[in-house]
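So that the names make sense, note that chain A is the first sequence line, chain B the second, and so on, each numbered from 1. Note that this is a predicted model, so its numbers are computed, not measured.
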Protein chains: 2
Amino acid sequence: MWLRVDARSSEPMYQQIVDQVKARVAEGLLKPGDRLPSVRELAGMLTINHNTIAKAYQELERQRVIEVVRGRGTFICETGQAWDAEARRQAMVDTMRKLVVEAHHLGMDETELLRLFQRVLAQWREQREGET
Amino acid sequence: MWLRVDARSSEPMYQQIVDQVKARVAEGLLKPGDRLPSVRELAGMLTINHNTIAKAYQELERQRVIEVVRGRGTFICETGQAWDAEARRQAMVDTMRKLVVEAHHLGMDETELLRLFQRVLAQWREQREGET
DNA sequence: CCGAGTGTACCACATGTACCGGTACACACG
DNA sequence: CGTGTGTACCGGTACATGTGGTACACTCGG
């Protein structure tokens with residue numbers, strides 16, 4: 001199974017689902033048109049309430065990751081269709097700024113920070129190619 | 001004044017204080033040995049409760065950003081003394097991974113993402129040099 | 001020594017919100 | 001109509017946040 005949730009995590013279960021689905025899409029394991037399990041089906045698999053799944057799906061739909069068709073199911077949709085792209089891009093910049101500050105407090109050089117980021121990018125590329 | 005808090009922000013006020021102090025330190029506007037206002041003094045300036053300031057200071061002390069001397073005040077201490085450096089470094093890696101996923105969903109290439117990060121770094125360096 | 005100023009440790013309380021579950025409803029398809 | 005889909009609503013629990021107040025321990029200068 002490509003989905004796992006931990007009820008004891010500090011991160012809420014619905015958020016874990018959101019993150020994992022987004023990651024699978026980014027990795028290419030979930031492609032546009034693919035259908036996700038129904039809320040009750042997935043709830044049964046994970047033995048949690050279907051409302052928790054529904055909340056995750058609603059968030060994913062808000063982010064234009066999935067498309068919901070009442071009575072039929074939910075499907076992965078094309079990427080790059082985000083309506084709030086500019087706001088989310090700005091949020092990424094804010095996150096990066098915080099990374100720079102945090103790096104400084106950990107005694108990391110700017111060069112080290114950049115190298116770390118490049119390493120994360122490289123690992124991502126490896127994993128993505130390995131699973132495809 | 002180098003500190004501003006917004007009570008209506010989704011981010012708690014004590015967290016805003018923590019982030020801003022850390023940013024000022026990283027920028028070099030606050031240097032090791034500099035003294036912060038007392039909890040009651042800063043509370044008066046921002047017209048919020050002293051307990052909120054105390055919470056921010058405790059968090060800053062936990063992260064080894066400031067040093068507390070009972071009866072004297074709080075002072076910026078040297079950087080690179082973090083005790084949980086490894087855990088915080090790992091948290092940075094997790095943040096970077098999420099950035100990669102988010103970039104993909106916004107239709108950003110890995111090259112674009114890297115360039116954006118480099119630009120943030122460059123802006124940071126400019127601002128830091130301009131204010132010093 | 002005393003007092004003012006410092007951070008700290010409590011407490012009680014109100015507020016808002018996140019989280020999750022149960023139930024019932026609305027829609028699509030065959 | 002029945003089954004399967006997502007959705008809306010309500011409620012309970014828990015937690016985070018912020019406030020106000022009080023008291024305590026410490027440092028320093030008078």
- Item | Side-chain heavy atoms of B:H105 within contact of A:Q63, under 4.5 Å | no
- Return the value, rounded to whole Å, for the distance between atom CZ of B:F75 and atom P of C:dT6. 11 Å
- Working to the nearest 0.5 Å, report the span between CE of B:M92 and CD of A:E102. 6.5 Å
- Item | Contact boundaries on DNA chain D for chain A, cut-off under 4.0 Å to non-hydrogen atoms | D:dG4 to D:dA8
- For residues B:M108 and A:R89, determine if any side-chain heavy atom of one lies less than 4.5 Å from a side-chain heavy atom of the other. yes
- B:D84 backbone acceptor or donor facing B:R64 side chain under 3.5 Å: no
- Distance in angstrom units between B:K55 NZ and C:dA9 C1', rounded: 15 Å
- Item | Distance, rounded to the nearest Å, where B:Y57 contributes OH and C:dT6 contributes P | 10 Å
- Note on the structure: One would report the end-axis bend of the helix from C:dC1-D:dG30 to C:dG30-D:dC1, five pairs per end and rounded to 10 degrees, as 20°
- Message: Rounded to whole Å, please give me the gap between CD1 in B:I53 and P in C:dT6.
- Response: 13 Å
- Query: Hey, does the side chain of A:Q16 reach the backbone of A:E11 with a donor-acceptor pair shorter than 3.5 angstrom?
  - Reply: yes
- Query: Hey, does the side chain of A:E59 reach the backbone of A:Q15 with a donor-acceptor pair shorter than 3.5 angstrom?
  - Reply: no
- Name the residue closer to the 5' end of DNA chain C, choosing between A:N49 and B:R72 according to the nucleotide with the nearest heavy atom. B:R72
- Message: Let me spell it out: for each of A:H50 and A:M13, pick the nucleotide of DNA chain C with the closest heavy atom. Which residue's pick is nearer the 5' end?
- Response: A:M13
- Query: If you look at every strand shown and take non-hydrogen atoms under 4.0 Å, does A:R70 touch a base, only sugar-phosphate, or nothing?
  - Reply: base
- Query: For A:W124, does its backbone N or O pair with a side-chain atom of B:R97 as donor and acceptor, under 3.5 Å?
  - Reply: no
- Message: Rounded at 0.5 Å granularity, tell me how far CD1 in B:I17 sits from CG in B:L46.
- Response: 6.0 Å
